[in-house]
Amino acid sequence: MNEEKKISKPAIAFVGFEPALFDDFKKCDFRDMESLHFANSMHLVSEWMVEDLNIVAIISFGEILAPSGLPLIEAIKKRQLPEVPFFLVANQLNSNLRIMALKAGVADIFRTPIKPSQIEKRVNFFIDNWQRLNVNKESELPQKKGIGFAKRAFDILFAGTALILLSPLLLVIYLLIKLESKGPAFYYALRVGSGYRVFKFYKFRSMYVNADKRLKELKHLNQYNIDAATEKQPTEADHQRLCSDCVSHGKCGYPLFADNVQWCERDFRQMKKTGPGSAFFKIKNDPRITRIGHFIRNTSIDELPQLWNVIIGDMSIVGNRPLPLYEAERLTTDKYALRFSAPAGITGLWQVEKRGKGEMSEEERLMLDNTYAKNHSLKNDIKLILKTIPALLQKESV
């Protein structure tokens with residue numbers, strides 16, 4: 001632990017900034033406050049608790065739904081750390097994302113590129129007036145739409161019974177995955193569910209452990225992106241590049257997790273700058289999938305660990321699929337935000353009506369999600385569950 005961080009003087013925490021930009025911030029006039037740099041949100045929370053730092057403000061660099069954004073605010077609340085002004089510097093920003101961030105407790109949000117001197121007065125003002133400004137501040141994430149006692153009771157009964165009855169199958173699948181390839185049998189992804197809440201989403205691993213290294217070279221096969229063939233193909237240098245903060249560790253310290261792949265948040269931000277692309281990523285006959293992986297995907301057995309998500313209340317049996325962070329960030333306009341008012345679910349309307357038919361467009365999927373959000377009920381959920389069984393045995397390998 002650096003001796004400077006043991007000083008109890010008031011400090012401003014800078015999270016996720018490149019060293020050069022952090023040096024520019026240190027030139028700002030933050031009066032007698034110390035400037036502390038943290039590589040990521042986990043380092044901030046850990047050192048804050050262990051060293052009992054006197055942090056009076058946080059300036060974080062990252063997308064709103066990424067780990068250094070709203071999930072960091074939630075982590076601070078859960079660990080009962082002091083509530084201080086939280087500023088976010090992001091690449092992706094629109095009016096809906098701004099509203100979401102402010103309602104979740106962000107004091108202010110700025111879009112890159114930005115000069116540190118541009119927010120110097122803003123930060124000092126919030127620190128000086130925080131007690132008064134924080135009195136009436138709305139600090140909760142958008143609330144989940146209530147699913148009702150009957151639906152929740154049904155979810156717990158259904159998921160609990162299924163876990164008990166399927167436990168022998170779950171054990172066999174676990175052993176087959178471990179025998180075929182190295183790596184854990186289970187994995188989790190950060191997903192965005194009802195009310196834009198971020199949670200850990202569990203699945204059986206169906207890909208080889210180095211699947212993330214092949215994501216960029218297979219990008220042109222994305223069945224949702226008709227323009228991908230015209231995009232610039234990555235070079236070997238792109239695959240090996242690590243930012244200055246990660247070089248010493250030999251691996252990326254800013255990972256995003258989504259649908260069995262992992263890549264750097266900074267790479268993703270660069271990808272968003274080069275073109276809009278599609279909000280969804282899926283490859284037909286994906287060569288990164290293991291043999292047992294093809295089987296558990298085609299039968300949707302890889303989804304069974306999500307029954308635990310249902311038990312703990314992150315999801316429902318029926319609802320709209322929770323999305324990876326990068327997909328959810330693109331779906332905050334009024335046209336698509338409706339889908340996040342419905343419960344997140346294991347199965348739903350689009351899986352039953354379109355999955356495996358091959359002609360589903362991104363627009364159709366989103367419209368079906370909106371349709372479910374408008375009309376969901378326990379009665380309709382039971383109908384969808386009965387229709388899900390034949391839909392699981394799909395012919396198309398996706």
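We use all heavy atoms of the structure for the numbers below, so side chains are in, but hydrogens, waters and symmetry mates are not.
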Rounded to the nearest 0.5 Å, what's the gap from [atom1] on [X] to [atom2] on [Y]? Could you check?
{"X": "Phe110", "Y": "Arg122", "atom1": "CZ", "atom2": "CZ", "result": "6.5 Å"}
{"X": "Leu349", "Y": "Leu384", "atom1": "CG", "atom2": "CG", "result": "6.0 Å"}
{"X": "Phe204", "Y": "Ile301", "atom1": "CZ", "atom2": "CD1", "result": "8.5 Å"}
{"X": "Phe86", "Y": "Ile76", "atom1": "CZ", "atom2": "CD1", "result": "6.0 Å"}
{"X": "Ile114", "Y": "Phe61", "atom1": "CD1", "atom2": "CZ", "result": "10.0 Å"}
{"X": "Tyr372", "Y": "Asn320", "atom1": "OH", "atom2": "CG", "result": "7.0 Å"}

For [X] and [Y], indicate whether the former's side chain and the latter's backbone hold a donor-acceptor pair under 3.5 Å.
{"X": "His37", "Y": "Phe17", "result": "yes"}
{"X": "Ser46", "Y": "Met42", "result": "no"}
{"X": "Asn129", "Y": "Arg132", "result": "no"}
{"X": "Ser377", "Y": "Asn380", "result": "yes"}

- request: Only counting residues at least two apart or in another chain, list the ones meeting side-chain contact (heavy atoms from CB on, under 4.5 Å) with Lys27.
  value: Asp24

- request: Using the side chain to side chain contact (heavy atoms under 4.5 Å, CB included) rule, pick out the option among Val192, Leu70, Asp314 that qualifies with Val198.
  value: Val192

Heavy-atom check, side chain of [X] versus side chain of [Y], under 4.5 Å:
{"X": "Asn309", "Y": "Gln306", "answer": "yes"}
{"X": "Phe199", "Y": "Met315", "answer": "yes"}
{"X": "Glu63", "Y": "Leu88", "answer": "no"}
{"X": "Ile55", "Y": "Trp48", "answer": "yes"}
{"X": "Val318", "Y": "Ile346", "answer": "no"}
{"X": "Arg191", "Y": "Leu323", "answer": "no"}
{"X": "Leu169", "Y": "Leu304", "answer": "yes"}
{"X": "Ile58", "Y": "Ile73", "answer": "no"}

- request: Could you tell me whether Arg205 and Glu180 have a side-chain N and a carboxylate O separated by less than 4.0 Å?
  value: no

message: Whether Asp29 and Lys121 form a salt bridge (side-chain N of Lys/Arg under 4.0 Å from carboxylate O of Asp/Glu) is what I want to check.
response: no

Minimum-distance pair of heavy atoms, taken over all atoms of [X] and [Y]:
{"X": "Pro322", "Y": "Gly345", "answer": "CD-O, 3.7 Å"}
{"X": "Leu21", "Y": "Pro116", "answer": "CD1-CG, 4.0 Å"}
{"X": "Ala150", "Y": "Leu378", "answer": "CB-CD2, 3.9 Å"}
{"X": "Ser341", "Y": "Ser194", "answer": "O-OG, 4.1 Å"}
{"X": "Met207", "Y": "Thr290", "answer": "C-CG2, 3.8 Å"}
{"X": "Gly193", "Y": "Ala344", "answer": "CA-CB, 4.0 Å"}

Mind checking whether [X] and [Y] have ring centres under 6.0 Å apart?
{"X": "Phe87", "Y": "Phe126", "answer": "yes"}
{"X": "Tyr196", "Y": "Phe340", "answer": "yes"}
{"X": "Phe38", "Y": "Phe14", "answer": "no"}

Are [Y] and [X] connected into the same hydrophobic cluster when the rule is that any two of I, L, V, M, F, W, Y join if their side-chain heavy atoms are below 4.5 Å apart?
{"X": "Trp130", "Y": "Phe125", "answer": "yes"}
{"X": "Phe158", "Y": "Ile156", "answer": "no"}
{"X": "Leu157", "Y": "Ile382", "answer": "no"}

query: Would you say Arg31 has more than 12 foreign heavy atoms packed within less than 6.0 Å of its CZ?
result: yes

query: What do you reckon, is NZ of Lys178 surrounded by more than 12 foreign heavy atoms closer than 6.0 Å?
result: yes

task: List the steps and the verdict of salt bridge (Lys or Arg N to Asp or Glu O under 4.0 Å) for Arg321 and Glu303.
output: CA-CA 11 Å; Arg321 290 298 283 169; Glu303 310 283 355; 2.8 Å; yes

- request: Taking atom types as modelled, find out whether Asn91 and Thr112 have a side-chain donor-acceptor pair closer than 3.5 angstrom.
  value: yes

- prompt: Should Phe30 and Ile127 be marked as a side-chain contact (heavy atoms from CB on, under 4.5 Å) after you check the CA-CA gap, both sets of side-chain angles, and the distance that decides it?
  reply: CA-CA 10 Å; Phe30 291 127; Ile127 293 174; 5.8 Å; no

task: I would like to know whether Tyr202 and Phe186 meet ring pair (Phe, Tyr, Trp, His ring centres under 6.0 Å); could you show each step before the answer?
output: CA-CA 7 Å; Tyr202 297 98; Phe186 299 99; 8.2 Å; no

message: One pair to check against side-chain contact (heavy atoms from CB on, under 4.5 Å): Leu36 and Glu47. What are the steps and the verdict?
response: CA-CA 11 Å; Leu36 304 180; Glu47 294 191 28; over 6 Å; no

- prompt: Between Ser206 and Asp302, does a side-chain hydrogen bond (donor to acceptor under 3.5 Å, both in side chains) hold up when you go through it step by step?
  reply: CA-CA 7 Å; Ser206 59; Asp302 65 321; 4.8 Å; no

task: Begin with the C-alpha distance, continue with both residues' side-chain angles, and end with the deciding distance and a verdict on salt bridge (Lys or Arg N to Asp or Glu O under 4.0 Å) for Lys151 and Asp381.
output: CA-CA 9 Å; Lys151 180 174 173 62; Asp381 284 357; 2.2 Å; yes

- request: Could you check Phe25 against Ile119 for side-chain contact (heavy atoms from CB on, under 4.5 Å), going step by step and ending with a plain yes or no?
  value: CA-CA 10 Å; Phe25 271 109; Ile119 65 174; 3.6 Å; yes

message: Between Val89 and Ile109, does the side-chain contact (heavy atoms from CB on, under 4.5 Å) criterion hold? Intermediate values first, please.
response: CA-CA 6 Å; Val89 179; Ile109 181 169; over 6 Å; no

